[in-house]
Number of protein chains: 2
Amino acid sequence: MNFNAITIRDIAKELNLSVSTVSKALRDSHEISEKTKKLVMEYAREKNYRPNPIAQSLKQGLSKSIGIVVSTIENQFFSQVINGIESVAYKEGYNVIITQTHESYDLEVKNVGHLTHRSIDGLLISLSTETKDIEHLQRLHRQGLPIVFFDRVSNEIDTHKVIADNYRGGYNATKHLIESGFDRIAHITSPPNISITKERLAGYHQALADAGVTLPDNYIKYCPHGGRDISEIENALNELLALDPKPNAIFTTSDRITTTTLFLINKMGIKIPEEIALAGYTNTTLADVLNPPLTSVYQPGFEIGQKATEMLISLITSKRPVTEFQTAVLPTQLFVRKSSIKKS
Amino acid sequence: MNFNAITIRDIAKELNLSVSTVSKALRDSHEISEKTKKLVMEYAREKNYRPNPIAQSLKQGLSKSIGIVVSTIENQFFSQVINGIESVAYKEGYNVIITQTHESYDLEVKNVGHLTHRSIDGLLISLSTETKDIEHLQRLHRQGLPIVFFDRVSNEIDTHKVIADNYRGGYNATKHLIESGFDRIAHITSPPNISITKERLAGYHQALADAGVTLPDNYIKYCPHGGRDISEIENALNELLALDPKPNAIFTTSDRITTTTLFLINKMGIKIPEEIALAGYTNTTLADVLNPPLTSVYQPGFEIGQKATEMLISLITSKRPVTEFQTAVLPTQLFVRKSSIKKS
DNA sequence: TTGAAAGCGCTACCAC
DNA sequence: GTGGTAGCGCTTTCAA
């Protein structure tokens with residue numbers, strides 16, 4: 001299994017030392033003479049010795065791995081977050097174990113179970129759209145498992161959290177649409193129970209209010225599974241297009257909803273932005289090449305991952321119980337492209 | 001760490017049995033009476049006992065984890081492969097550890113080193129575009145580490161491999177372009193040293209030959225880093241467009257090259273497919289929404305991941321040394337869209 | 001400054 | 001059918 005099969009015992013034997021001396025020497029303990037340390041370290045390097053991380057884990061009661069729960073890594077936002085997580089985790093000597101909920105509450109519970117049974121030192125989680133009850137996490141949290149929420153957070157657990165500035169992302173996108181001359185702005189979004197939905201919606205409402213625009217409630221459509229099924233987006237869209245007056249712009253949240261909305265509008269033969277403008281949350285690197293180029297709210301996925309991991313490791317390594325928690329809010333970026341610019 | 005802190009020892013004490021009896025009972029050993037087994041198992045379930053996987057690993061000399069090396073998970077092809085890998089690995093009780101080379105040979109060597117130091121039972125790898133020398137893998141292979149190649153494989157190591165039918169993918173895309181009325185088909189591809197480049201190129205050549213089309217060698221452009229840097233694609237494109245006669249179609253390989261080529265052509269204001277047609281390898285789910293909708297060669301990423309993992313686990317669990325190796329070749333799919341259809 | 005020995009949780013060998 | 005015990009590789013106390 002470990003393909004540097006040399007152990008601490010081999011070194012001890014070869015150097016006529018005891019295992020404990022070698023162990024201490026390798027960890028640069030002050031109770032070992034410089035001479036011995038040098039001897040051991042050089043021999044270890046020469047033989048390319050690596051401590052067996054499993055034995056270390058067993059001894060120290062730490063697994064040196066971090067569990068991750070996201071909806072799906074195929075979503076570029078999450079793959080960027082994972083890149084950020086790994087960049088910090090690997091540097092600090094942690095493994096990561098990635099699991100996906102595919103927006104299912106049951107899968108989330110199952111994954112969290114698997115992760116804890118596999119011995120993780122901490123958990124990074126973005127809740128599934130279906131998740132309403134978080135008892136499965138509260139139990140673990142009470143037992144002392146360090147947890148950091150990111151993206152879709154819960155306020156029913158008091159711990160560190162990292163989110164994009166969802167409120168401002170929603171505000172800026174909506175404001176931009178208004179300033180581009182669109183006054184009937186619909187909103188297609190994830191289910192109302194998850195945090196990002198509420199925050200982005202609040203931004204949308206405020207931007208409308210600030211501009212003195214009033215719109216009916218049925219301009220807002222929720223997708224129960226966050227757009228996992230194309231039909232939920234299709235329904236939302238059809239309902240919006242049947243309204244009188246019809247919206248002349250749509251603000252969407254989440255990669256899936258945004259790109260699927262674009263797909264559906266194109267398929268219906270409706271012209272963007274002439275007949276309806278579109279601006280939405282997405283982290284795809286293809287926004288420029290879409291038809292039409294898509295105005296997007298971009299979240300700093302990589303940085304979110306980094307920050308969350310730093311916070312988690314600080315919880316894991318903290319000597320005393322942590323009682324002061326913070327929520328990091330990272331700015332989003334609005335990229336204005338053709339899909340939301342009125343031709344004049 | 002393990003938040004089901006109950007151990008086999010606790011059970012033994014509570015039930016007035018020995019640890020070994022409990023251990024055997026839990027593993028349903030035939031040398032334990034049904035009565036005792038039932039007693040132990042019920043108590044274990046009641047107390048939600050889970051064996052500590054780290055202790056098991058240490059004991060058995062197996063880590064129950066699989067190392068993965070890909071270029072980047074942001075590429076949808078690879079995230080689909082990883083989904084396939086995880087679907088099999090988790091079912092079989094294996095963890096996966098994902099690392100990314102970002103097309104760098106140095107990073108690949110480093111990642112492989114980290115993985116083996118972290119004790120993996122086997123390795124799934126798609127080589128970086130920079131990799132020419134695979135001594136870092138040959139050493140491990142000689143030492144007995146099970147390795148399965150996928151996507152970008154090497155024939156310098158005799159082991160299981162899983163690839164898409166790159167030859168036929170290249171053949172079909174090129175044939176389709178020819179049949180659509182394009183006779184001057186350029187090819188922008190990855191560096192010539194990696195397997196997928198050669199195979200797709202062979203398909204391209206054969207399709208041209210079968211149609212009796214002869215094209216100059218400078219219709220083929222290689223991107224040294226597989227399109228990691230936009231400039232390499234930009235150069236390739238500029239060189240192609242400066243040719244006389246200019247190509248009237250381009251066949252591209254790899255997600256990155258394909259979508260970047262689309263981006264650049266759009267940026268130059270050149271019309272697709274009127275002035276130049278485009279067909280390329282990509283697994284993006286957005287092909288339909290691109291401008292224009294993009295003719296794509298799709299690889300069964302999920303299935304590739306599944307197959308590779310099944311093969312790897314069979315190597316890991318094999319009692320006797322395996323000497324018969326196979327290369328699984330999975331079919332690609334050609335999706336014809338507007339980018340390669342001549343307006344008539 | 002060094003070493004012997006216990007023990008992390010589990011499995012497996014060998015006695016009883 | 002059951003239990004004692006050694007040992008996986010490492011860290012850490014305690015004794016020398």
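So you know, we letter chains A, B, ... as the sequences are listed, proteins then strands, and number each from 1.
- Within the structure, every side-chain polar atom (N or O) of B/Y49 is placed at least 4.0 Å from both OP1 and OP2 of C/dG9.
- Look at CD1 on A/I11: it is 16 Å from C1' on C/dG3, rounded to the nearest Å.
- For B/L58 and D/dA6, the CG to P distance is 17 Å, given to the nearest whole Å.
- Among B/D121, B/V148, B/I66, the one residue that satisfies the side chain to side chain contact (heavy atoms under 4.5 Å, CB included) test with B/I313 is B/I66.
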N/O to N/O distances under 3.5 Å, protein versus nucleotides 12-16 of chain D:
from, atom 1, to, atom 2, distance (Å)
D/dT12, OP2, A/R27, NH1, 3.3
D/dT13, O4, A/K24, NZ, 3.3

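- Side-chain contact between B/L58 and B/I54: absent, with no pair of heavy atoms (C-beta onward) separated by less than 4.5 Å.
- Residue B/T36 is the one, among A/R9 and B/T36, whose nearest nucleotide of DNA chain D lies closer to the 5' end (criterion: closest heavy atom).
- A/Q56 has no side-chain polar atom (N or O) that falls below the 4.0 Å cut-off from OP1 or OP2 of D/dG9.
- With rounding to whole Å, A/I32 atom CD1 is found 13 Å from D/dT11 atom P.
- Note: CG (A/L26) to P (C/dT2) measures 13 Å, nearest angstrom.
- When the side-chain nitrogen and oxygen atoms of B/S57 are compared with OP1 and OP2 of D/dC8, none of them lie within a distance under 4.0 Å.
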Under 3.5 Å donor-acceptor pairs involving side-chain atoms of residues 20-29 of chain A, not counting sequence neighbours:
from, atom 1, to, atom 2, distance (Å)
A/S20, OG, A/S18, OG, 3.1
A/T21, OG1, A/S18, OG, 2.9
A/D28, OD1, A/K37, NZ, 3.1
A/S29, OG, A/E31, N, 3.1

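- One can place NZ of B/K47 at 19 Å from C1' of C/dG9, the figure rounded to the nearest angstrom.
- Residue B/I54 contributes atom CD1, which lies 11 Å from atom P of C/dG9 at whole-angstrom precision.
- Nucleotide C/dA12 holds its P atom 11 Å from the CD1 atom of B/I8, rounded to whole Å.
- In A/H114, the NE2 atom is not crowded: 12 or fewer heavy atoms of neighbouring residues, nucleotides or ligands sit closer than 6.0 Å.
- Rounded to a whole Å, the CD1 atom of A/I6 is 12 Å from the P atom of D/dG9.
- Evaluated for a side chain to side chain contact (heavy atoms under 4.5 Å, CB included) with A/T131, the options A/R152, A/E103, A/H136 yield exactly one hit, A/H136.
- Closest to the side chain of B/P51, out of D/dC10, C/dT1, C/dC10, is C/dC10.
- Inter-residue side-chain proximity for A/I98 and A/I85 is flagged as unmet; no heavy-atom pair is nearer than 4.5 Å.
- How far CD of B/E130 is from NE2 of B/H102: 12.5 Å, rounded to the nearest 0.5 Å.
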